[in-house]
There are 2 protein chains.
Amino acid sequence: MVPDHDGAFAPTTEDAPSSSGFLDDGKNTIGSQLASRLREAIISGELQAGSKINLDKARKTFNVSLSPLREGLARLISDGLVEFEDNRGYRVSSISLANLEEITTLREEFEVFALRESMRLGDVEWEGNVMRALHRLNRTERDAARPETLERWEELHREFHLTLISGCGKPILLHFCRLLLNLNDRYRRVFLTRTSGDRNVSQEHSEIAQGAVARDLDYSCDMLRQHIHRTGTNLRNHLATKGIL
Amino acid sequence: MVPDHDGAFAPTTEDAPSSSGFLDDGKNTIGSQLASRLREAIISGELQAGSKINLDKARKTFNVSLSPLREGLARLISDGLVEFEDNRGYRVSSISLANLEEITTLREEFEVFALRESMRLGDVEWEGNVMRALHRLNRTERDAARPETLERWEELHREFHLTLISGCGKPILLHFCRLLLNLNDRYRRVFLTRTSGDRNVSQEHSEIAQGAVARDLDYSCDMLRQHIHRTGTNLRNHLATKGIL
DNA sequence: CCTTGACAGATAATCGATTATTTTGATAGT
DNA sequence: ACTATCAAAATAATCGATTATCTGTCAAGG
């Protein structure tokens with residue numbers, strides 16, 4: 001605890017990392033922090049799809065040096081949100097109808113597969129996590145007028161889908177699904193501020209989750225597939241409506 | 001600036017096009033070249049699975065500075081061959097029985113799915129590419145005594161599997177499959193210098209390819225699934241035999 | 001006119017040195 | 001001996017400056 005004797009200074013290893021006694025859980029290197037900020041900027045649409053990322057400009061915008069900037073961008077490449085070409089720099093991944101349709105198709109295949117495996121292998125803790133994620137999601141309201149609620153909802157929604165498949169015991173598969181979810185969320189964040197009127201998304205989530213913990217494999221998988229498919233269809237319509245592509 | 005290109009994962013310049021010598025390699029950046037060299041070093045087992053990658057040592061070994069070294073390593077993270085932790089550096093991804101089994105399972109799911117889509121959507125050019133890849137593979141002999149023939153065979157084998165599914169029109173899916181193939185190849189390179197006696201791998205490849213161009217969906221998919229499964233089983237046995245894990 | 005090539009400005013890649021963090025090793029107190 | 005604490009060494013992260021590459025523009029030649 002408190003150092004008592006002399007010792008010049010006593011920088012008790014855990015020195016104040018930030019003035020407000022902030023929790024120093026994960027945000028460590030500048031590169032990491034940048035990756036988070038950039039990811040949010042891309043998924044939220046703040047950085048336009050397909051646009052070039054000028055290193056000098058970005059460096060000034062974020063007040064960092066090249067090294068951590070490249071570090072952060074490198075991670076977004078793993079996430080599929082940024083593309084890179086030798087000597088030609090980075091650019092935000094483009095969006096397109098074909099891209100959206102592929103994402104939807106792959107989510108239908110992989111996420112459903114992962115859910116089935118989770119139901120087959122998941123333990124009681126997994127069940128608990130699913131119910132908690134469902135509850136938290138359903139208790140959070142989405143108000144198009146207040147962007148911060150949208151952001152919060154997106155986070156919980158993402159968390160729900162990931163929790164649902166977290167019992168599958170397949171790290172690589174989870175990585176793929178997380179990636180697809182990332183890509184998909186960008187489309188929703190940009191094009192869909194509210195759900196289509198004929199859907200009750202909360203109920204859809206509940207049906208999937210309850211079927212899952214009841215180990216009703218075919219039912220739950222079918223519900224999830226439809227859920228994903230409907231979202232894909234909605235997004236496609238909005239894309240077409242807004243004249244993109 | 002107007003978005004123009006395809007969506008995420010469109011081109012992913014990844015392959016080392018070293019099939020015909022390496023005279024004109026003055027183009028790539030040091031980072032790119034390093035990525036290739038490191039990838040080969042990891043897949044071939046030269047860099048042991050699970051081992052730490054000391055930046056200083058690597059810097060001296062490869063005679064480069066930190067920046068391109070990090071650049072190269074970052075790409076291998078995308079490939080799943082290297083892991084990274086803030087402030088704790090890089091290490092070669094570990095191998096394990098569970099990991100091998102997941103890779104095999106996912107290949108059975110994804111690669112077969114991609115093959116089915118290729119047969120559904122592939123054009124005549126795709127058919128031609130498949131037959132060419134098959135021919136080149138089958139005409140190349142594998143001699144355990146001469147490592148360079150193994151390397152060459154691996155390259156053509158990889159090429160064959162990728163060509164087979166290249167007609168699916170799904171860049172992201174292809175990216176996933178390429179990644180899984182990478183991971184799988186490391187196991188084969190390290191543990192399997194020759195095929196199990198009861199297999200005729202050339203014939204297996206031929207059956208898959210001919211079924212594919214004949215658009216015999218169920219047959220070809222089934223053959224591919226068995227092909228992948230057998231390789232997985234073989235590898236598992238070798239892993240167990242050699243006392244690993 | 002159109003093509004070609006060279007120049008200049010913009011941008012990316014790399015380097016060497018500096019700063020921050022983690023790990024190791026030694027010391028003192030119980 | 002055992003543990004806790006601090007200092008030194010090892011290692012990773014970052015920076016500022018330099019070098020290499022690309023891109024657009026403009027003039028000379030066809």
Side-chain angles (χ1 to χ4, degrees), chain A residues 1-19 22-38 47 50-78 82-93, chain B residues 1-2 4-5 11 13 24-38 47 50-78 82-92:
Chain A
M1 284 288 267
V2 181
D4 33 51
H5 302 299
D6 60 295
F9 1 73
T12 327
T13 54
E14 285 300 321
D15 201 28
S18 65
S19 48
F22 216 57
L23 196 53
D24 69 332
D25 52 349
K27 29 174 55 185
N28 268 330
T29 67
I30 298 182
S32 291
Q33 296 171 264
L34 258 186
S36 297
R37 293 176 65 182
L38 284 167
L47 281 177
S51 63
K52 186 138 181 13
I53 298 175
N54 183 304
L55 290 177
D56 248 356
K57 238 185 282 179
R59 189 174 65 72
K60 285 164 189 158
T61 304
F62 291 103
N63 260 67
V64 294
S65 189
L66 278 321
S67 320
L69 184 55
R70 280 169 162 276
E71 191 72 35
L73 285 168
R75 303 203 194 173
L76 296 192
I77 293 175
S78 299
V82 165
E83 288 163 6
F84 171 83
E85 203 176 346
D86 268 353
N87 287 322
R88 221 157 281 180
Y90 305 82
R91 61 175 53 230
V92 181
S93 295
Chain B
M1 190 160 287
V2 182
D4 42 15
H5 288 302
T13 316
D24 62 339
D25 60 1
K27 291 279 198 169
N28 292 338
T29 66
I30 298 180
S32 290
Q33 296 171 267
L34 259 186
S36 296
R37 292 176 64 182
L38 284 167
L47 281 176
S51 64
K52 186 141 182 11
I53 299 174
N54 182 304
L55 290 177
D56 247 358
K57 236 185 285 178
R59 189 173 66 74
K60 284 164 190 158
T61 304
F62 291 103
N63 260 67
V64 295
S65 189
L66 277 321
S67 320
L69 184 55
R70 280 169 161 277
E71 191 71 36
L73 286 168
R75 304 204 195 173
L76 296 192
I77 293 175
S78 299
V82 165
E83 288 162 3
F84 172 82
E85 202 176 346
D86 267 355
N87 289 321
R88 220 158 281 178
Y90 305 82
R91 63 175 54 233
V92 180

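Keep in mind that the numbers below use all heavy atoms, side chains included, and drop hydrogens, waters and symmetry copies. Quick note on labels: first sequence line is chain A, next is B, and so on, each numbered from 1.
When each of C:dA12, C:dC15, D:dT14 is scored by its nearest atom to the side-chain atoms of A:Asn54, the top-ranked nucleotide is C:dA12. When each of C:dA12, C:dA13, D:dT11 is scored by its nearest atom to the side-chain atoms of B:Thr29, the top-ranked nucleotide is C:dA13. Listed candidates were C:dT11, D:dA12, C:dT14. Nearest to the side chain of B:Lys52 is D:dA12. Among the nucleotides D:dT14, D:dA12, C:dG16, the one closest to the side chain of B:Ser65 is C:dG16. Residue B:Arg88 places its side chain closer to C:dT22 than to any other of C:dA12, D:dA12, C:dT22.
Rounded to a whole Å, the CG atom of B:Asp56 is 13 Å from the P atom of C:dA17. Atom pair A:Ile30:CD1 and C:dT21:P shows a separation of 9 Å (rounding to whole Å applied). Atom CG in A:Leu69 sits about 13 Å away from atom C1' in C:dT11, given to the nearest Å. B:Lys60 places its NZ atom 11 Å from the P atom of D:dA10, with the value rounded to the nearest Å. Here D:dC22 presents its P atom at 16 Å from OH of A:Tyr90, a figure rounded to the nearest Å. Here D:dT21 presents its P atom at 17 Å from CG of A:Leu55, a figure rounded to the nearest Å. The interatomic distance linking A:Arg70 (CZ) with C:dA12 (C1') rounds to 6 Å, in whole Å. Separating the CG atom of A:Leu66 from the P atom of D:dG16 is a distance of 10 Å, rounded to the nearest angstrom.
B:Tyr90 contributes atom OH, which lies 10.0 Å from atom NZ of B:Lys52 (distance to the nearest 0.5 angstrom). Distance check, rounded to the nearest 0.5 Å: CD1 of A:Ile77 to OG of B:Ser78 gives 6.5 Å. One distance of note links CD1 of B:Ile53 with CG of B:Leu76; it measures 7.5 Å at 0.5 Å rounding. To the nearest 0.5 Å, atoms CZ (A:Arg75) and CZ (A:Arg70) are separated by 15.0 Å.
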Steps toward side-chain contact (heavy atoms from CB on, under 4.5 Å) verdict (A:Phe62, A:Leu34): CA-CA 8 Å; A:Phe62 291 103; A:Leu34 258 186; 3.7 Å; yes

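Counting non-hydrogen atoms under 4.0 angstrom, B:Ile53 reaches the backbone sugars and phosphates but no base.
At least one side-chain nitrogen or oxygen of A:Asn87 sits closer than 4.0 Å to the OP1 or OP2 atom of D:dC22. A:Arg59 has no side-chain polar atom (N or O) that falls below the 4.0 Å cut-off from OP1 or OP2 of D:dC15.
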